[in-house]
Every structure is written in structure tokens, then in C-alpha cells.
Amino acid sequence: MKIYINYQGINKFPEKIERQLKKDLQNAFKLLNIKKKILSLTFVSNEEILKLNQRYLFRPYPTNVLAFPVEEGQNMLFLGDVVISVEKAEEEACLYGLNFYSYLLSLCFHGLLHLLGHDHEKGVYSPWLMLRNEINLMEKIYPDPEVLKFLRRREYMPAKLAVNVDHVATVREARKTYYPDPVHAAVLAELGGADGIVVHLRLDRRHIKERDVRLIREIIKTKLILEMAIDKDLIKFAKEVKPYQVTLVPERPEEITTEGGIELEDRVEEVKKVVKELNKSGIKVSLFINPDEKALELAKKTGAQIVELHTGMYADAEEEEKRLSELTRLENAARFAKDLGFIVHAGHGLNYENIGPVAAIPEIEEFSIGHSIVSRAIFVGLKEAVREMKELILRARS
Ligand code: PXP
């Protein structure tokens, strides 16, 4: 592999840095299984990159990295040019509090992946795939924890949708009949694209019953998520049915629906025991909590794998200012939770109007939505109602 380093409008890097860059890039070629190719790497000023960005991408501002793959018919040994603005890289490294060399290297990898055909501006999965490759190269070649943390924050796929079918059972229980059956609803939700089915087995069994949980567990092809309060009999039942995941929620007998996140103050040890017991039966545990750093830190002590951030305050906000501040609170909590190592989910009160901004939060991997989907299903059918919600979630990140 040959690497040519050029400079335009800026001072050359010291020899030591050039040598390190070439060594790290050679390692990247090995990992990517690229042989006998030529790469040109050009370091420029903001002024130079602005000219290129304007001329080739019609973007009137300086950027950090541009990649110009070799065009078909040209020398196929030549991979192409990666152009990096050193000024921009310095500005950004300083802004994000990152080591300059590590960040510069991550930009070189970014450019190289573009030359190999990756494109983070196309489609739903390609941004994720490209970033996964960037992270992989940094992990193996230059594992600076701060840059890795920075890159992982941008790592995302479209979020998944877990559909809560409780309210199909609510309609059934309104007349104490045997229909509509939440088991049928689970199948239709899956046909509409649901990635999981959620049921809340409440202490008063006001909608979902044990029979529903057992049959849904047996029949669905995706995953069953059992929501429940911390209760001895419910834990026993969960261990018997073995859903994919249990979401622990607080429950107040008179409430219409779950009102807030689980209060962990003074309960960490108790919850920790429950998490351990369910994990031992192969069940993942999620805690439904308010989007606060304090609550997340306590949740971490319980050993739970997942947190579901309560989106109710965002959904209920009537004024724009409040809605935006609740959205920011969710964004910060999602980032904080991901940095703590949690898988991040969110839910409660989400509907077709308010899902967009939260679905764009990259750290959230799954949404749990029930009432709005079942309500819409009355008019358009459940399969279609799920499909429409799924599309809004997908669109938020494409
Ligand atoms: N997540 C949790 C923990 C819940 O308790 C509920 C309500 O059952 C939901 C999500 C779904 O909320 P909604 O029905 O408002 O979509």
C-alpha cells in the first residue's frame, strides 16, 4: 500500500506524526483487506476546503473532511483523495475536548471509508454501517477512549417499535367478553412491522390476564416484553413464562396508567435482587425511569441492562417552550444513559404527532407505544396503524 501525504496552504506535520499516520493507515488497510492500492491524503486550510466544498458539493462552508474516489476508467490502483482541513479538525477537537491526533486519525478513517463506497448520507442503514466501521478501526488501531465515546454517541440505527396491546384487552374487559383478543392484536401488530409486543400485567388484572401473556409468548415471532410492578407473585409468573424482557414499573391502584418512573431512592438493594433473580432465568430487565441523571445513576447500581425513559412529561407539555425543554431533558438523559452503558428505550404518551423529535434522538434504540396505536387502529386497522408509526420512526433518522 502506498500513501502519499500532501499539504496545501498549511505547514507540514512533524515527521513523527506523518510516520504514525502512515503506520495507522497501513493497519487500517490490513484490517479492511485492501492490497496494492494508492491513497492520497491532502491536509489543507479552511480556506482551501471551503473552495472544494463549494465547487464539488455546492456547500458554502468549510468542512472537516472530503473524499474524492477514483472515477471509473481511471487508474484503478488509485483509491482516491482524502482531503482534511487541519484547521477545522483542530477547532473540532478543541470543541469536543478530544486529543488532536486521535481525532485527525478518525477523520482519515472516515475519508478512507468514503473512498471504499460507504456513504452516511444515503439510506437508513448506511450511516450506521459506516460509523460501525469507523469505530471498529479506532478500537483496533488507536483505542483512545474519549474519541471512541464521541463516535459511539453518533452510532445509531433506526429505533425499533414495541407495540403495547393492553388497550385491546381494555375493550374486551369493558364488556367482560372474549373479544377483541390481544393475542390476535399481537399477531397483527407483528404483521404491521412491530419489533416486539408489550403487555402490562397489572396487579388488579384490569386488562391483560395471565392467559394473554402465556398465549402471546407462545405465538409471536418477535420478543415479548412483560411490564409489571415489583411483586412476589408476578416475579414467579415471569420466571415461569420467561418473556424476553421484563420492564419494572411503579403501580398505584387508582392510576389510569403508569404515572411516573420507578423511584429507586432507598430501593436499590431490593431492585438489584429482583434484577438478579430475573436475569438468572434468562430474562433481561428494563427499569422505567424519569429522564434524570440521578435516577440513571441509581438505576446503574441495580445491574439492570435497559432503561426506558419516561416520555410522558414531553408528551403532556402543552406549551412549545415546555415541550422543547422536556425534549432537551430526554436528549441529555439518553446520552447520559448510553454513556453509563445502558440500552436506552423510551415510551409513554407517544403518538403520531409527537414521535418525530424523540425518534430522532440517536441513543434511543426502542420505543414502547400503545394507546395511540390502538386508538388509530379503530379507523385504519391495527396492521396499518403499526406500519404508519414504524414509518415515522424510520423517517426520523433517514
Ligand atoms: N411504557 C410504559 C412503562 C408504560 O407503562 C406504558 C403504558 O402502559 C407505555 C410505555 C405505553 O404508553 P402509551 O400507551 O401511552 O403509548
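The analysis underlying the following values was restricted to heavy atoms, covering all of them including side chains, and did not include hydrogens, waters or symmetry mates. Counting starts at 1 for both ligands and their atoms, in listed order.
- In summary, the atoms of ligand 1 found under 4.0 Å from a heavy atom of N164, numbered by their order in the structure, are 8 (O).
- Residue contact check: S368 has heavy atoms under 4.0 Å from atoms 1 (N), 10 (C), 11 (C) of ligand 1.
- A donor atom on one side chain and an acceptor atom on the other are found under 3.5 Å apart for T222 and E190.
- Looking at ligand 1, you'll find an N or O of E227 within less than 3.5 Å of one of its N or O atoms.
- Judged by the shortest distance from any of its heavy atoms, G349 lies inside the 4.0 Å radius around the atoms of ligand 1.
- Close approach of ligand 1 to V249 (heavy-atom distance below 4.0 Å) involves ligand atoms 3 (C).
- No path of Ile, Leu, Val, Met, Phe, Trp and Tyr side chains, each step under 4.5 Å between heavy atoms, connects I225 with I373, placing them in separate hydrophobic clusters.
- At most 12 non-hydrogen atoms from other residues, nucleotides or ligands lie less than 6.0 angstrom from CD of E15.
- Ion pairing of E210 with R205 is present here, as a side-chain N (NZ or NE/NH1/NH2) and a carboxylate O approach within less than 4.0 Å.
- Residues E92 and N64 have side chains that bring a donor and an acceptor to within less than 3.5 angstrom of each other.
- In this structure, the protein non-hydrogen atom closest to atom 16 (O) of ligand 1 is G370 N, 2.8 Å.
- Looking at E308 against ligand 1, only its side chain comes within 4.0 Å, counting heavy atoms.
- Annotation: cation-pi pair R329/Y314 absent, no NZ/CZ under 6.0 Å from the ring centroid and within 45° of its normal.
- Using a 4.0 Å cut-off to heavy atoms of T257, the atoms of ligand 1 that qualify are 7 (C).
- Remark: among candidates E255, H348, M228, the nearest residue to atom 12 (O) of ligand 1 is H348, based on non-hydrogen atoms.
- Counting heavy atoms under 4.0 Å from ligand 1, residue V198 does not touch it at all.
- Counting the atoms of ligand 1 from 1 in the order shown, those under 4.0 Å from a heavy atom of H371 are 13 (P), 14 (O), 16 (O).
- Using modelled atom types and a 3.5 Å distance limit, the side chains of N46 and S85 yield a donor-acceptor pair.
- Taking the six-membered ring for Trp and thresholds of 30 and 60 degrees, F68 and Y56 have ring planes more than 60 degrees apart, a perpendicular arrangement.
- Listed by number with element, the atoms of ligand 1 under 4.0 Å from a non-hydrogen atom of F288 are 3 (C).
- Considering both main-chain and side-chain atoms, T258 comes within under 3.5 Å of ligand 1 through a nitrogen or oxygen pair.
- With ring centers used as reference points, H310 lies under 6.0 Å from F288.
- Under the 4.5 Å side-chain heavy-atom criterion for ILVMFWY residues, a single connected hydrophobic cluster contains both L151 and L95.
- For ligand 1, the polar-atom distance check against G347 finds no nitrogen or oxygen pair separated by under 3.5 Å.
- Those atoms of ligand 1 that come under 4.0 Å of a heavy atom in I369, given as number and element, are 16 (O).
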